[in-house]
Amino acid sequence: MTSIKRMKNIAVSRPIIYGNSATPLNGKKVTDPDHTHRWTISVRGVNNEDISYFIKKVAFKLHDTYENPNRVIEKPPFEVSETGWGEFDVIIKLHFHPVSGEKPQTLYHHLKLHPYEEDGLGIKSKPVTSYLYDEIVFNEPVDTFYQVLQENSTSSVPPKKTQFHQFSLQSEQEEVDKLDKAIKSTSQEIARHKEKCKRLEAELAAK
């Protein structure tokens with residue numbers, strides 16, 4: 001029996017994107033007349049590259065109202081397309097090749113159909129995309145699987161965002177800047193409230 005050797009103190013990561021796109025049907029005929037959108041949920045590489053060298057299959061758990069809500073996709077593209085009218089949480093389970101010795105990994109995604117606008121004007125009828133970036137980390141992988149990972153490198157996140165790349169180092173930095181700004185604003189607001197409380201306490205003590 002061949003012994004399993006793990007690569008000690010080595011971690012290998014592979015970036016993926018998962019989520020959904022949705023388009024209003026706008027009166028187009030479908031099986032269920034109550035359905036308002038056609039949507040696709042998927043797991044893919046950052047630049048749509050093949051990720052099947054480390055992912056064997058992907059299981060999508062849809063809402064129980066769908067016929068056969070447990071969809072297993074065993075070859076790329078790892079995606080499911082359907083029509084519907086409501087948003088719900090989808091459970092995504094990534095199954096790796098047996099040679100990896102890795103347990104399945106579970107992701108969660110809220111299926112988004114409607115573009116909720118920041119201006120507060122409500123739902124508008126237009127296509128939407130809702131994707132998340134993640135990195136699958138293999139800690140101390142099996143030597144044979146490590147070799148597979150080394151022979152099949154995956155594209156890294158591009159430095160600048162474009163119409164073809166939703167995720168980039170630039171957009172990541174923009175998110176960090178937003179968080180820093182929010183933290184600074186919150187700290188200033190807390191300081192103002194503390195100062196106001198001190199003044200009120202002083203006024204009460206003087207009476």
Side-chain angles (χ1 to χ4, degrees), residues 1-21 39-64 66 68-82 88-112 129-180:
M1 182 176 178
T2 304
S3 61
I4 297 176
K5 178 184 176 183
R6 288 193 172 272
M7 308 299 291
K8 296 295 183 181
N9 303 318
I10 290 179
V12 180
S13 64
R14 286 293 180 266
I16 62 167
I17 291 175
Y18 66 96
N20 79 279
S21 60
W39 53 260
T40 298
I41 187 164
S42 62
V43 178
R44 56 184 174 83
V46 174
N47 296 310
N48 283 322
E49 64 269 38
D50 185 15
I51 55 175
S52 63
Y53 67 89
F54 67 94
I55 293 181
K56 184 178 188 299
K57 61 182 178 181
V58 178
F60 297 89
K61 173 63 172 69
L62 310 182
H63 194 275
D64 289 335
Y66 281 93
N68 181 25
N70 297 298
R71 311 286 179 89
V72 180
I73 310 301
E74 298 188 352
K75 61 181 180 180
F78 298 114
E79 63 181 34
V80 170
S81 295
E82 270 288 0
F88 56 91
D89 292 329
V90 180
I91 302 174
I92 305 170
K93 183 168 286 188
L94 309 179
H95 295 264
F96 307 106
H97 287 286
V99 68
S100 71
E102 300 285 340
K103 295 180 179 179
Q105 183 167 331
T106 302
L107 306 171
Y108 300 90
H109 177 71
H110 184 75
L111 187 79
K112 185 177 179 181
T129 56
S130 176
Y131 287 95
L132 297 172
Y133 172 90
D134 203 351
E135 291 188 2
I136 308 301
V137 179
F138 301 103
N139 287 309
E140 299 188 345
V142 175
D143 56 352
T144 50
F145 185 53
Y146 176 75
Q147 186 64 33
V148 172
L149 294 173
Q150 293 300 104
E151 293 173 354
N152 297 270
S153 60
T154 304
S155 299
S156 58
V157 179
K160 293 186 178 296
K161 61 181 180 181
T162 68
Q163 60 176 331
F164 305 108
H165 296 97
Q166 180 182 2
F167 299 95
S168 65
L169 297 179
Q170 179 186 357
S171 59
E172 181 179 350
Q173 186 58 51
E174 288 174 353
E175 289 299 316
V176 171
D177 292 342
K178 287 180 182 179
L179 290 173
D180 288 341

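Count residues from 1 along the sequence. Since this is a predicted model, take the numbers as computed values, not measurements.
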Handout entry: Atom of S52, atom of H97 and distance for their closest heavy-atom approach
Key = O-NE2, 2.6 Å

Exercise for the section: Mind checking the CG-CZ spacing from D134 to R14? Nearest 0.5 Å is all I need. Expected result: 14.5 Å

Handout entry: L94 and its side chain to side chain contact (heavy atoms under 4.5 Å, CB included) partner, picked from V43, I51, T106
Key = V43

Problem - Min side-chain heavy-atom separation K56-P98 under 4.5 Å - result: yes

Practice task
Would you name the heavy atoms of F145 and V99 that are closest together and state the gap between them?
Solution key: CB-O, 3.8 Å

Exercise for the section: Would you mind reporting whether E151 and Y53 have side-chain heavy atoms less than 4.5 Å apart? Expected result: no

Handout entry: Sub-4.5 Å side-chain heavy-atom contact between F96 and I136
Key = yes

Practice task
Identify which one of K112, H110, H109 satisfies the side chain to side chain donor-acceptor pair (under 3.5 Å) criterion when paired with N20.
Solution key: H109

Problem - Heavy-atom closest contact (Y66 atom, W39 atom, distance) - result: OH-NE1, 3.3 Å

Problem - Spacing of D143 atom CG and R6 atom CZ [to the nearest 0.5 Å] - result: 9.5 Å

Practice task
Can you see which heavy atom on S100 is nearest to which on V142, and at what distance?
Solution key: O-CG2, 3.5 Å

Exercise for the section: Rounded to the nearest 0.5 Å, what's the gap from NZ on K57 to CZ on F78? Could you check? Expected result: 11.0 Å

Handout entry: Residues I16, L107; criterion side-chain contact (heavy atoms from CB on, under 4.5 Å); working and verdict
Key = CA-CA 11 Å; I16 62 167; L107 306 171; 4.0 Å; yes

Handout entry: Rounded distance (nearest 0.5 Å) linking atom CD1 of I10 with atom NZ of K8
Key = 11.0 Å

Exercise for the section: Starting at CG of N48, measure out to CD1 of I17 and round the result to the nearest 0.5 Å. Expected result: 7.5 Å

Problem - Closest heavy-atom pair and its distance - P141, E102 - result: CA-OE2, 4.5 Å

Problem - Contact check, side chains of E140 and N9, non-hydrogen atoms, under 4.5 Å - result: yes

Fill in the blank from the handout: To the nearest 0.5 Å, atom CD1 of I92 lies from atom CG of L62 at 9.5 Å

Practice task
Evaluate whether atom NZ of K61 has more than 12 neighbouring non-hydrogen atoms of other residues, nucleotides or ligands under 6.0 angstrom away.
Solution key: yes

Practice task
Can you see which heavy atom on N152 is nearest to which on V148, and at what distance?
Solution key: ND2-O, 2.9 Å

Practice task
Side-chain contact test, heavy atoms from C-beta onward, threshold under 4.5 Å: evaluate it for V80 versus V90 and give yes or no.
Solution key: no

